[in-house]
Amino acid sequence: MAESARLICSHCGVMLVEAEVTLRYLGYEFKKSVPRCPECGEAYLDEALVRGQMAEVEQAVEDK
């Protein structure tokens, strides 16, 4: 949450808040708590999440 307190939505200009979102890839989905704009709903996915957990899901799906 500390990181999201410093992030501001580029569309709305408001601070992002921690919220659970559903991430989907090729019919698979998982829930993750990420910084999200309370106005427009845009979520911020940091590099660690994209290169880590989401890359693992992508590799698992492609291996099937």
Side-chain angles (χ1 to χ4, degrees):
M1 180 76 175
E3 180 180 318
S4 64
R6 297 179 296 210
L7 296 174
I8 304 229
C9 179
S10 62
H11 299 291
C12 304
V14 298
M15 285 187 156
L16 303 185
V17 296
E18 205 70 23
E20 188 172 272
V21 297
T22 301
L23 303 167
R24 294 180 183 90
Y25 182 75
L26 295 176
Y28 293 86
E29 60 183 51
F30 63 98
K31 294 186 186 290
K32 184 74 177 169
S33 185
V34 298
R36 185 174 183 185
C37 177
E39 299 280 324
C40 69
E42 195 74 23
Y44 172 76
L45 305 179
D46 66 14
E47 184 176 1
L49 174 63
V50 173
R51 291 187 184 266
Q53 192 170 10
M54 290 182 73
E56 291 172 13
V57 170
E58 180 180 21
Q59 187 63 46
V61 169
E62 290 178 357
D63 286 346
K64 288 185 178 184

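Starting from 1, each residue takes its place in the sequence as its number.
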Nearest heavy-atom neighbours spanning L49 and D46:
N-OD1, 2.9 Å
The salt bridge (charged side-chain N to carboxylate O under 4.0 Å, His left out) partners of E20 (sequence neighbours excluded) come to none
For V14 and C37, which heavy atoms make the closest approach, and how far apart are they?
CG2-SG, 3.7 Å
Distance col, row L7:CG vs Y44:OH, nearest 0.5 angstrom, shows 6.0 Å
If the condition is side chain to side chain contact (heavy atoms under 4.5 Å, CB included), which residues does V21 pass it with, not counting sequence neighbours?
L23, V34, R36, A43
E29: which residues meet the side-chain hydrogen bond (donor to acceptor under 3.5 Å, both in side chains) condition with it, sequence neighbours left out?
R24
Residues which pass side-chain hydrogen bond (donor to acceptor under 3.5 Å, both in side chains) with T22, listed by chain and number, not counting sequence neighbours
K31
In Å and rounded to the nearest 0.5 Å, what is the CD to OG distance from E42 to S10?
7.5 Å
